[in-house]
Every structure is written in C-alpha cells, then in structure tokens.
**Q** 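One structure, as structure tokens, below. Some questions next.
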Amino acid sequence: MSGKDFAMKRAYILLSVIFVVTMVGLWLSASFTSSSYAARILSDTYAYLQARILAQNSKNLAKYFLYLAKKEGKQCLNSITFSYPGPNDKVRMDYFYTIAECKNHQLQKINPDANLSKDGVIIVSVGVALRQNLSVNEEIFVQKTLRLLAKESFWKP
C-alpha cells in the first residue's frame, strides 16, 4: 500500500466520522425538540378537554345556582364566578332574563303580556378560563350559551 492510498483512507475515515457525528447530533436535537413539543401538546389538550367538559356540563350547575338563590330568598341572579379546578382557573355564569330585568337579586319590569310557559327563557352565558395568570399563549378559554326554560312559579315572587 502506498502512502497516497493510506492518506486517502484516513481522509475517507475522517469524513465518515464527521458525517456520522453530525447525523447523530441532528438526530438528538430533533428528538429533544419533538419530545418537548409532545409534552406541551398533551398538557394543552388535557386543559382544553377539561374546559370543554366543564362548559358542556354547566347546565345542571346553572340550574342549581338558581335553586340555591331561590332558597336564600333571591328571585334571580346576575352572575356567578368561582374558581375551579384550581385557584387560577375561573368559571363565570352570566344570567339574562328574556321577559324581566334582574336588579339587586329581584325581578323587575316583568312583561305582563308574556306567556310564562313559553317565553320564560333564561339565557346563561358560561365562560371557562383555565391557566389565567400564565402567559397569553398558555390561557385556555371556552364559552358556551345555554337556554333554560323556567317554570311559571319561578317568575312569581
């Protein structure tokens, strides 16, 4: 084997080693990047699904809050805000009455021409905000509008 062939083999080995090290480095970099994205996507999906479930199941909760208000002697509610599932998470329910106005938890200006069995609809706007005190891209907000049909006894003081 001549000196020229030996030098060519060493150069080929050196280039092969540089190529393999570069490819391993790129592969490690890509795997670290994709593994951090997967955890972030999983966390965001979990929080979004939790907010959607809270919004979907809020109809019975809205009815329950109206029931508790009636038990406490209040005729109506304007809004309810509470923290769930964590201290930085907020669920807000705003109540809107189609045939009356709610001021200081009392029904006022009830429309006398309304048919209470058909027109006595209460509209509830539910907003679920998770991860509120984090950065802008971290916050998850889901909103849902519900319609509750109140019985005629609801509208009578």
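Positions are given from 1 along the sequence.
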**Q** With hydrophobic residues grouped by side-chain heavy-atom distances under 4.5 Å, do Val20 and Leu28 end up in a single group?
**A**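 Cluster IDs for Val20 and Leu28 match.
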
**Q** Just wondering, are more than 12 heavy atoms of other shown residues or ligands nearer than 6.0 Å to CZ in Phe141?
**A**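 It does: Phe141 CZ has more than 12 such atoms within range.
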
**Q** Quick one: closest heavy-atom pair of Gln50 and Leu130, and the distance?
**A**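 Between these two residues, the closest heavy atoms are OE1-CD1, 4.1 Å.
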
**Q** Would you check, one step at a time, whether the test side chain to side chain contact (heavy atoms under 4.5 Å, CB included) holds for Ser58 with Leu146?
**A** CA-CA 9 Å; Ser58 61; Leu146 308 169; 3.6 Å; yes

**Q** Please walk me through it: do Leu148 and Leu66 pass side chain to side chain contact (heavy atoms under 4.5 Å, CB included)?
**A** CA-CA 11 Å; Leu148 304 177; Leu66 282 173; 4.1 Å; yes

**Q** Look only at the side chain of Thr98 and the backbone of Val121, and say whether a donor-acceptor pair between them is shorter than 3.5 Å.
**A**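 Looks like yes, one N/O pair under 3.5 Å.
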
**Q** For the backbone of Gly25 and the side chain of Ser29, can you confirm whether one donor and one acceptor N or O come within less than 3.5 Å of each other?
**A**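 No, Ser29 side chain to Gly25 backbone: no donor-acceptor pair under 3.5 Å.
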
**Q** Within a reach of under 6.0 Å around OH of Tyr67, are more than 12 heavy atoms found that belong to other residues, nucleotides or ligands?
**A**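 Open: at most 12 neighbouring heavy atoms sit under 6.0 Å from OH of Tyr67.
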
**Q** Quick check for you: to the nearest 0.5 Å, what is the distance between Met93 atom CE and Thr81 atom OG1?
**A**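 That separation rounds to 10.0 Å.
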
**Q** Using every non-hydrogen atom in the two residues, find where Ala62 and Tyr95 come nearest and quote the distance to one decimal.
**A**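 Between these two residues, the closest heavy atoms are O-OH, 3.0 Å.
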
**Q** If hydrophobic clusters are built by linking Ile, Leu, Val, Met, Phe, Trp and Tyr wherever their side-chain heavy atoms come under 4.5 Å apart, do Leu149 and Phe96 end up in the same one?
**A**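 They do share one cluster, since a chain of ILVMFWY contacts under 4.5 Å joins Leu149 to Phe96.
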
**Q** With rounding to the nearest 0.5 angstrom, report the CG to NZ distance, Leu54 to Lys144.
**A**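 Rounded to the nearest 0.5 Å, the CG-NZ separation comes out at 12.5 Å.
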
**Q** Grab the two heavy atoms, one from Cys76 and one from His105, that are nearest each other, plus how far apart they are.
**A**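 Between these two residues, the closest heavy atoms are O-ND1, 3.3 Å.
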
**Q** Drop me the distance from Asp44's CG to Leu49's CG, to the nearest 0.5 angstrom.
**A**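 The CG atom of Leu49 is 11.0 Å from CG of Asp44, to the nearest 0.5 Å.
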
**Q** What heavy-atom pair brings Ser125 and Gln143 nearest, and what distance separates the two atoms?
**A**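 Minimum heavy-atom contact is OG-NE2, 3.0 Å.
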
**Q** Under 3.5 Å, is there a donor-acceptor pair between the side chain of Tyr97 and the main chain of Leu77?
**A**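 Yes; at least one donor-acceptor contact below 3.5 Å.
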
**Q** So which heavy atom on Ser83 is nearest to which on Pro87, and how close?
**A**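 Where Ser83 meets Pro87 most closely, the heavy atoms are OG-O, 3.8 Å.
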
**Q** Return yes if some donor-acceptor pair links the side-chain N/O of Asp89 with the main-chain N/O of Arg131 below 3.5 Å, else return no.
**A**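 Yes, because the side chain of Asp89 sits within donor-acceptor range (under 3.5 Å) of the backbone of Arg131.
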
**Q** Mind listing the closest non-hydrogen atom pair of Arg52 and Val142 along with its distance?
**A**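 For Arg52 and Val142, the tightest heavy-atom pair comes out as CD-CG1, 4.0 Å.
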
**Q** Starting from the C-alpha separation in whole Å, work towards a yes-or-no answer on side chain to side chain contact (heavy atoms under 4.5 Å, CB included) for Phe82 and Leu61.
**A** CA-CA 12 Å; Phe82 58 94; Leu61 193 58; 3.6 Å; yes

**Q** Honestly curious: do Tyr46 and Ile53 fall in one hydrophobic cluster under the side-chain, below-4.5 Å linking rule?
**A**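 Cluster IDs for Tyr46 and Ile53 differ.
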
